[in-house]
Amino acid sequence: MAERRYDPQEIEPRWQAVWADEHTWEVANRTAEQLKALGRGRGTAGAPGRLTPDTEPDTYVLEMLPYPSGEPHVGHLKNYAVGDAVAHFRRRCGERVMHPMGYDAFGLPAENNAIKTGVQPRVATQASIDSYRRQFHRWGISIDWSREFGTHEPRYYRWTQWIFLRLYERGLAYRKEAAVKWCPKDQTVLANEQVDAEGRCERCGCRVEIRQLEQWFFRITDYAERLLNDLDNIDWPEHVKTMQRNWIGRSEGAEVTFRCEELAIDYPVFTTRPDTLFGATFFVMAPEHPDVLRLAAGTDHEQQVHEYVNHAITETGEERGDLDKPKTGVPLGRTVVNPVNGERIPMYVADYVLMEYGTGAIMAVPAHDERDYAFARAFGVPIRRVIAGENPDGDEQGLPYTGDGPLVNSNPEFDGLDNRRAYAEIVAWLDRQGLGHGSISYRLRDWLVSRQRYWGCPIPIVYCDRCGIVPLSEDELPVELPDIDDYTPKGRSPLAAAEDWVRTTCPGCGEPARRETDTMDTFVDSSWYFLRYCDARNEHAAWDRAAVREWMPVNQYIGGVEHAILHLMYARFFTKALADMDLLDVEEPFASLFTQGMITRGGAKMSSSKGNAVAPSSIVERFGADTARCYVLFIGPPDQDADWSDEGVEGVHRFLGRLWRLSAEVAERAPASEDDRPPGADEAHGPDLALLRKAHWAIDKVGGDLRRFAFNTAIAAVMELLNECYRVRDQAGDATLRFALSSAASILFPFAPHVCADAYQLLNGERVWEVPWPQAEEAFLESDFYELVCQVNGKLRDRVQVATDASLEELKESCRVAPNVRAHVDGREIVKEIVVPGKLVNLVVR
RNA sequence: GCGGCGGUGGCGGAACGGUAGACGCGAGGCCCUCAAAAGGCCUUGUCCGCAAGGGCGUGUGGGUUCGACUCCCACCCGCCGCACCA
């Protein structure tokens, strides 16, 4: 027999050509008639069965679209290997799967690269996209290429602009001057989410400054409550939901008004502890509060306040956020009146109060808040206990006290009440007096979307001296991004230099006007791309509603956990806002989410600067795409981080080679024929029975593992099956071997499509992707005998063969007489016998 | 500080409260070969023992249970997110 060699470099391109030529993975949207005939907008997942295109449920499997930069890395390989396994499995379970691909093509790296090298962002981006597309083909990912687009193409971004205008109409896009975070190196404004805890730009790592600028915002805060509540209705990992909940940061409390009588100004404050209102002994404002300087004007502290504010504002978040730093602040020389008791309490400015949370001013209750306590001790402000703790005697004992207890020193009406009870009563009382009301505060800020950058989606707005801010009309879209020569940021968008482009006429009055020169945050582009895939070639609308209804929500979304907050929150916000405009029928974009872990090497994140990166292309060239894909899934649970090992890759390659070689050998020596079926469960015996059992066990196991994303154990199960094939290759019948190998190829196909398609074709002459997912036969999953585990006092002492249908008594007896059990019972009294049929018997002896 | 996740052989990792260590890597041995590569077969938690078998073993300490990697309580360590959020 001729020696056969597993040659992925021959096998893989051959099958890729078939899939490309036949457009195998493309799915069309259903026609109105088809949808009507089906009596639904979309299907629900059905039981696996024959593939019948007319009644298959529609399924949307999506991986996060890549940002095309250079070449795809191992993280992409893992992301798309996971998604493709899901897509293939669901197809063969009888679903009609849309599995599209696109590119998140606008963004700072391409622009920074342009500044450095002079290569136009458009050119560099296109080169990267071509490289990504080539690799995705080479990996054999089953993509519907008919729906491909890049977010930088006018045919896409005209609809991004269209959505901007819809948001503007609804008051969800607005312009305001705000203290914004500004990156001095990238020369651009950043969203809160793009600044890390140390106050550094997430892109270039340099210190962020504060600037006052007019900027565009999206009113995501209007959706805070729904973004929070609807997390309960989606199948997402708990840690991602937790991150979103933390980011939204909902706090329940009350807004209470303190009045500064000297200047006759009311200051509302937000507090989560209205029950401690009677313990408020001072009042603090954030250094950024617009009234601080005005309040201090004319007092003895004016100079001091000026200096303090100037210093505080230039401090970075890192310096200011340091918890160990002693509290600082300056008196304002003014007082406010505590509305519950009429007391005048002093005002301070201090940097531990943040302008961006609540109202930028707080009532301070040192007895029951650690920060207020620290400040009061540092500044000698009185501390008044208003909730009795465990040791109610000593006033100064156990302060600050943040626990529960009865109110004291408050007001006869409330003293003695449990503080939780008092909370509600005080809020009700404030409400009646018109001094406050129950209130909810969120940490979430509105989304700042303006960027003083070139390589982004232009904002479809013009400024007219007469009409002010004028939105363009739909038929003026797209506002195309002009070509320019100089991308260097100069504190304004590089677009401002394209004078011919900037100068336009006002759509309202026809007078000369100027275009908005900022572009949109690239997160805007990726907040709706999943909708566009549903109807990617529509030239008349962003999408046809029926098409979106057919596919949305995405059944399975897959991507990196690094997008847990930003992208995944923005996409949810867009979906809700568009649903509110009656443009969509879903309120959540991603019904189910899977977040894959990172692949590291030597324990560290792969990066070219560390020199530990593995290029997927080098693995594909050496071992083939099937090996590369299988390996990243075999390495460990896909939601956890995993460390790359070159030896591990070779192991997987050996496994695929073994599968292919034995398949080729069996196919050659025993060509498939109609009447050559493997024996049934009642006729099989010996090695045939063992192998058939193993095959059906693997079929059952891999299906279950795929459903729960346990790809590593699924691949291990096929390895076990293949090991059994080799073990009995000379004893088992050809039909049995062919069945076992076909089954292996069939269930491994979602992970290693090329080699499995090839092996399956050799063995059966059929295309495995056109064959339904196999079903395990119950009769082979059961057996007449099994190995009973015999324990004495919970310790394994022996194993004996028993009949599957043995009675409990028979099982106990089998255990009692097992030689090594007898040795351990050894005359002692058996006080209890635990029987777990199918598993074990445990004898408890004394 | 708050929240989440994790801690199992030399390594990556398996294990509905029921045989701990599947599968793979690495290591050792054998076969094939003139030889090597490739491939095939076997062994491999640890200690004692020629063996049969036994002791010990899932971060630590308790608990529940006939039986705990798994459940409960209290800790230790590591990673991730948020963090002076009133």
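All chains are named by letter (A, B, ...) in the order of the sequence lines, taking the proteins before the strands, and each is independently numbered beginning at 1. Side-chain atoms are counted along with the backbone in the values below, which use heavy atoms only and exclude waters and symmetry mates.
- The interatomic distance linking A/K241 (NZ) with B/C82 (P) rounds to 20 Å, in whole Å.
- Remark: the separation of the C1' atoms in B/G39 and B/C77 is 45 Å, to the nearest Å.
- At the heavy-atom level, A/G651 lies under 4.0 Å from the strands shown only through sugar-phosphate atoms.
- Taking a pair to require two hydrogen-bonding distances under 3.5 Å in either a Watson-Crick or a G-U wobble arrangement, B/C71 pairs with B/G63.
- Counting any heavy atom pair closer than 4.0 Å across all strands shown, A/R658 reaches sugar-phosphate atoms only and no base atom.
- Rounded to whole Å, atom C1' of B/C79 lies 14 Å from atom CG of A/D639.
- Atom P of B/A22 sits at a distance of 15 Å from the matching atom of B/C16, rounded to the whole Å.
- At a threshold of 4.0 angstrom between heavy atoms, the contacts of A/L840 include nucleobase atoms, whether or not backbone atoms are also involved.
- For the P atoms, the distance linking B/G59 with B/G12 amounts to 14 Å, nearest Å.
- In this structure, A/N723 does not reach the B/A22 phosphate: none of its side-chain N or O atoms is under 4.0 Å from OP1 or OP2.
- Of all nucleotides listed (B/A20, B/C66, B/A86), B/A86 comes nearest to the side chain of A/S251.
- Contact annotation: the side chain of A/F258 never approaches that of A/M347 to less than 4.5 Å [non-hydrogen atoms, C-beta and beyond].
- Rounded to a whole Å, the CG atom of A/N246 is 12 Å from the P atom of B/C5.
- Residue A/Y442 is out of contact with every strand shown, counting any heavy-atom pair closer than 4.0 Å.
- Map A/R371 and A/L796 each onto its nearest nucleotide of RNA chain B; the residue landing nearer the 5' end is A/L796.
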- Message: Go through it in stages, so that I can follow the logic: the residues are A/D369 and A/T402, the test is side-chain contact (heavy atoms from CB on, under 4.5 Å), and I'd like the CA-CA distance, side-chain angles, deciding distance and then a yes or no.
- Response: CA-CA 6 Å; A/D369 180 279; A/T402 53; 5.8 Å; no
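- The side chain of A/L354 lies closest to B/A86 when the candidates are B/C25, B/G40, B/A86.
- Residue A/T242 has its side chain nearest to B/G3 when only B/G3, B/C66, B/G12 are considered.
- Residue A/N820 is classed as a sugar-phosphate contact, given heavy-atom separations below 4.0 Å to backbone atoms only.
- Taking 4.0 angstrom as the limit, A/R443 places a side-chain polar atom (N or O) nearer than this to OP1 or OP2 of B/A83.
- The partner of B/U33 is absent, by the rule that a Watson-Crick or G-U pair needs both atom distances under 3.5 Å.
- Nucleotides B/U64 and B/G17 place their C1' atoms 11 Å apart, quoted to the nearest Å.
- Here the side chain of A/R661 is nearest to one of B/G40, B/C66, B/G55, namely B/G40.
- Residue A/R797 is classed as a sugar-phosphate contact, given heavy-atom separations below 4.0 Å to backbone atoms only.
- On the C1' atoms, B/G13 is 9 Å away from B/U8, given to the nearest whole Å.
- Side chain of A/Y442 to main chain of A/I248: no donor-acceptor pair is present (N/O by atom type, distance under 3.5 Å, no hydrogens or angles).
- Of the nucleotides present, B/G45 is the one that pairs with B/C56 by Watson-Crick or G-U wobble criteria, both distances under 3.5 Å.
- With P as the reference atom, B/A14 and B/C23 are 14 Å apart, rounded to whole Å.
- If you measure from atom NZ of A/K839 to atom C1' of B/A68, you get 15 Å, rounded to the nearest angstrom.
- Computed from coordinates, the A/H563 NE2 to B/G81 P distance equals 14 Å when rounded to whole Å.
- If you check every strand for non-hydrogen atoms under 4.0 Å, A/E356 touches nothing.
- In this structure, B/G4 shows a glycosidic angle more than 90 degrees from zero, which is the anti conformation.
- Using a 4.0 Å heavy-atom cutoff across all strands shown, A/H653 reaches no nucleic acid atom at all.
- Of the candidate nucleotides B/C82, B/A86, B/G54, B/A86 has the atom nearest to the side chain of A/I362.
- Side-chain contact, A/T713 with A/D705: a donor N or O sits under 3.5 Å from an acceptor N or O.
- Note on A/R601: nothing from the nucleic acid sits closer than 4.0 angstrom, heavy atoms only.
- Using a 4.5 Å heavy-atom threshold, the side chains of A/N419 and A/R273 count as touching.
- Listed nucleotides: B/C25, B/G54, B/G40. Nearest to the side chain of A/H824: B/G54.
- Under the 4.5 Å side-chain criterion, counting only non-hydrogen atoms from C-beta, A/R658 is not in contact with A/C725.
- With C1' as the reference atom, B/G9 and B/G26 are 12 Å apart, rounded to whole Å.
- Within 4.0 Å of A/N842, counting heavy atoms only, lies at least one base atom of the nucleic acid.
- At the phosphate of B/C25, OP1 or OP2 sits under 4.0 Å from a side-chain N or O atom of A/R654.
- Nucleotide B/G10 is matched to B/C25 when pairs are restricted to Watson-Crick or G-U wobble geometry with both distances under 3.5 angstrom.
- Considering only the side chain of A/A716, B/C23 comes nearest among B/C23, B/A14, B/A86.
- When the nucleotides B/A86, B/C82, B/G54 are ranked by their closest atom to the side chain of A/V353, B/A86 comes out on top.
- The side chain of A/E647 lies closest to B/G26, out of B/C66, B/G26, B/C82.
- Put simply, CG on A/N793 is 8 Å from P on B/G67, counting in whole angstrom units.
- Taking every side-chain heavy atom of A/Y726 into account, B/G40 is the closest of B/G40, B/G18, B/C82.
- In this structure B/A38 sits in no base pair that meets the Watson-Crick or G-U test at under 3.5 Å.
- With rounding to the nearest 0.5 angstrom, the CZ atom of A/F634 is 12.5 Å from the OG1 atom of A/T627.
- Here the separation of B/U65 from B/G28, taken at their C1' atoms, is 42 Å to the nearest Å.
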